[in-house]
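Notes follow once the structure below has been shown.
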Amino acid sequence: MLRFGFWKDRTHNLSRMSLADLFAAFATYPSVHAYFGLAAVSLYFVYRWYAGWAPLAIAVGLSVLVYPLVWYVLHRWVLHSQFLYKSPLTAKVWKRIHFDHHQDPHNLVVLFGALYTTLPTIALVTMPIGYAVGGLPAAAMAFATGLLTTCFYEFCHCVQHLNTSPKTAFMKRLKQLHMWHHFHNEQGNFGITNFLWDRLGKTYYSRANMVPKSPTVFNIGYTAEMAERYPWVAQLSNNTRGDGNPRRFRTGDGATDSNPTA
């Protein structure tokens with residue numbers, strides 16, 4: 001990832017940041033700029049191709065409704081999969097999009113999704129839905145909705161990792177459920193703002209003592225044994241590990257992100 005300004009030469013630690021710090025980081029993050037910029041372009045085409053509000057409203061509603069399901073499917077069966085690190089062609093992608101986040105859940109640099117994975121996914125999920133209900137204008141509207149929803153999810157995800165207590169009981173509960181996913185057992189509570197699909201998929205746990213403490217909560221299955229068989233992620237991480245400590249691969253105190261590519 002090309003970093004500049006507020007983000008240049010920084011590894012942001014959410015456990016030491018305030019909400020004001022997060023606002024500043026979020027507002028200056030290049031991926032967020034890309035999401036808002038592409039949403040603006042999409043809305044421009046909605047305006048140019050406008051043929052009625054009803055298909056646009058349906059496209060927005062369907063895009064918002066499908067988002068939690070798509071996130072659940074991708075988070076459970078792709079991001080937590082065991083196949084991506086087994087190939088040198090996909091090991092770097094898997095390391096960047098999720099492994100590093102579980103190694104150091106408070107590192108904001110690797111919390112955001114990588115654009116080369118998020119943008120195609122948003123387009124493939126939303127645009128066909130919009131096109132089916134209203135042609136090109138609704139496809140553009142659905143894509144814009146997906147981009148803005150992604151920004152909302154990313155911000156909520158960041159807030160959940162701040163070392164501060166949310167103001168409302170609802171947000172406190174969301175944070176608690178997500179922290180258990182990172183620090184207790186990673187095989188459940190895959191949602192971010194919605195845990196309906198966890199309930200339907202039988203991966204929801206409302207109390208930590210409902211499931212055992214996972215020995216792979218920080219490496220999501222890429223154990224030392226797996227690293228010997230499939231060494232590509234380990235090589236990209238300087239052969240250091242953080243399995244017992246919620247810190248990303250680092251070579252010493254104060255070390256910065258050793259592979260911040262996105």
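All values below come from the heavy atoms of this structure, side chains included, with hydrogens, waters and symmetry mates left out.
A perpendicular orientation is assigned to the rings of Phe155 and Phe26, their planes being inclined by more than 60° (bins at 30° and 60°).
In the hydrophobic clustering of this structure, Val60 does not group with Val133; members are Ile, Leu, Val, Met, Phe, Trp, Tyr whose side-chain heavy atoms approach within less than 4.5 Å, directly or through other members. Leu43 and Ile122 sit in two unconnected hydrophobic clusters of ILVMFWY residues. Membership requires side-chain heavy atoms under 4.5 Å apart, directly or through other members. Criterion: ILVMFWY side-chain heavy atoms under 4.5 Å apart, direct or through other members. Under it, Val78 and Val70 are part of a common hydrophobic cluster. In the hydrophobic clustering of ILVMFWY residues, with side-chain heavy atoms under 4.5 Å counting as a link, Val41 and Leu115 come out apart. Taking hydrophobic clusters as Ile, Leu, Val, Met, Phe, Trp and Tyr residues chained together by side-chain heavy-atom distances below 4.5 Å, Met17 shares a cluster with Val159.
Using a 4.5 Å heavy-atom threshold, the side chains of Val32 and Glu154 count as separate. Side-chain contact between Phe112 and Tyr29: present, with at least one pair of heavy atoms (C-beta onward) separated by less than 4.5 Å. Contact of the His161 side chain with the Leu111 side chain is registered, since non-hydrogen atoms from C-beta on lie closer than 4.5 Å. Residues Val93 and Leu84 form no side-chain contact, since every pair of their non-hydrogen atoms from C-beta on lies 4.5 Å or further apart. Counting only heavy atoms from C-beta outward, the side chains of Tyr35 and Leu119 approach each other to under 4.5 Å. Put simply, the side chain of Arg229 does not reach to within 4.5 Å of the side chain of Lys86, judged on heavy atoms. Phe83 is not listed as a side-chain neighbour of Trp77, based on a closest heavy-atom distance of 4.5 Å or more. Residues Tyr72 and Leu200 fail the side-chain proximity criterion, which asks for heavy atoms closer than 4.5 Å.
In this structure, Lys167 places its NZ atom where only 12 or fewer heavy-atom neighbours from other residues, nucleotides or ligands lie under 6.0 Å away. Heavy atoms from other residues, nucleotides or ligands lying under 6.0 Å from OH of Tyr204 number more than 12.
When all heavy atoms are compared, the tightest approach of Gly188 to Asp198 is C-OD1, 4.2 Å. The nearest pair of heavy atoms linking Leu177 to Ser206 is CD2-CA, 4.3 Å. Between Leu56 and Val46 the shortest heavy-atom distance is CD1-CG1, 3.8 Å. The shortest heavy-atom contact between Ile97 and Ala114 is CG2-CB, 4.3 Å. In terms of heavy-atom proximity, Ala91 sits nearest to Val233 at O-CG2, 3.6 Å. Residue His184 comes nearest to Ala208 through the heavy atom pair NE2-O, 2.8 Å, listed as atom of the first residue, atom of the second, then distance.
Distance check, rounded to the nearest 0.5 Å: CD of Gln176 to CD of Gln160 gives 11.5 Å. Distance check: Phe183 CZ to His178 NE2 gives 9.0 Å after rounding to the nearest 0.5 Å. From Leu65, atom CG reaches atom CD1 of Ile58 across 12.0 Å, with rounding to the nearest 0.5 Å. For the atom pair Asn107 CG and Ser15 OG, the distance stands at 10.0 Å (nearest 0.5 Å). Interatomic distance, His157 NE2 to Leu162 CG, rounded to the nearest 0.5 Å: 11.0 Å. Taking CG from Asn189 and CD from Gln187, the interatomic distance works out to 11.5 Å, rounded to the nearest 0.5 Å.
Here the two rings, on Tyr205 and Phe195, have centers that are 6.0 Å apart or farther.
Listed for the His102 side chain is no donor-acceptor partner under 3.5 Å among the backbone atoms of His182.
Scanning for ring pair (Phe, Tyr, Trp, His ring centres under 6.0 Å) contacts around Trp49 gives Phe45, with sequence neighbours left out. Legend: residues meeting ring pair (Phe, Tyr, Trp, His ring centres under 6.0 Å) with Tyr44, ordered by chain and number and at least two apart, are absent. Contacts of Pro166 classified as side-chain contact (heavy atoms from CB on, under 4.5 Å), with partners at least two apart in sequence or in another chain: Met171, Lys172, Lys175. A search for ring pair (Phe, Tyr, Trp, His ring centres under 6.0 Å) contacts involving His75 returns Trp71, His80, His98, His181, Phe190, not counting sequence neighbours.
Members clustered with Leu124: none, using a 4.5 Å side-chain heavy-atom cutoff among hydrophobic residues.
Of the residues listed (Val110, Thr90, Leu236), the one engaging Lys95 in a side chain to side chain contact (heavy atoms under 4.5 Å, CB included) is Leu236, and it is the only one.
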Go through Tyr116 and Arg96 one step at a time and tell me if the side-chain contact (heavy atoms from CB on, under 4.5 Å) criterion holds. CA-CA 11 Å; Tyr116 62 81; Arg96 167 60 183 88; 3.9 Å; yes
Using the ring-ring contact (aromatic ring centres under 6.0 Å, His included) rule, take Phe99 and Tyr222 through it: C-alpha gap first, then chi angles, then the decisive distance, then the call. CA-CA 8 Å; Phe99 178 67; Tyr222 188 66; 5.5 Å; yes
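Counted by atom type alone, Asn219 and Thr216 present zero donor-acceptor pairs between their side chains at under 3.5 Å.
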Donor-acceptor contacts, no H, no angles, side chain residues 134-153, under 3.5 Å, sequence neighbours left out:
{"unit_1": "Thr145", "atom_1": "OG1", "unit_2": "Met141", "atom_2": "O", "d": "2.8"}
{"unit_1": "Thr149", "atom_1": "OG1", "unit_2": "Thr145", "atom_2": "O", "d": "2.7"}
{"unit_1": "Thr150", "atom_1": "OG1", "unit_2": "Tyr67", "atom_2": "OH", "d": "2.8"}
{"unit_1": "Thr150", "atom_1": "OG1", "unit_2": "Gly146", "atom_2": "O", "d": "2.8"}
{"unit_1": "Tyr153", "atom_1": "OH", "unit_2": "Thr193", "atom_2": "OG1", "d": "3.3"}

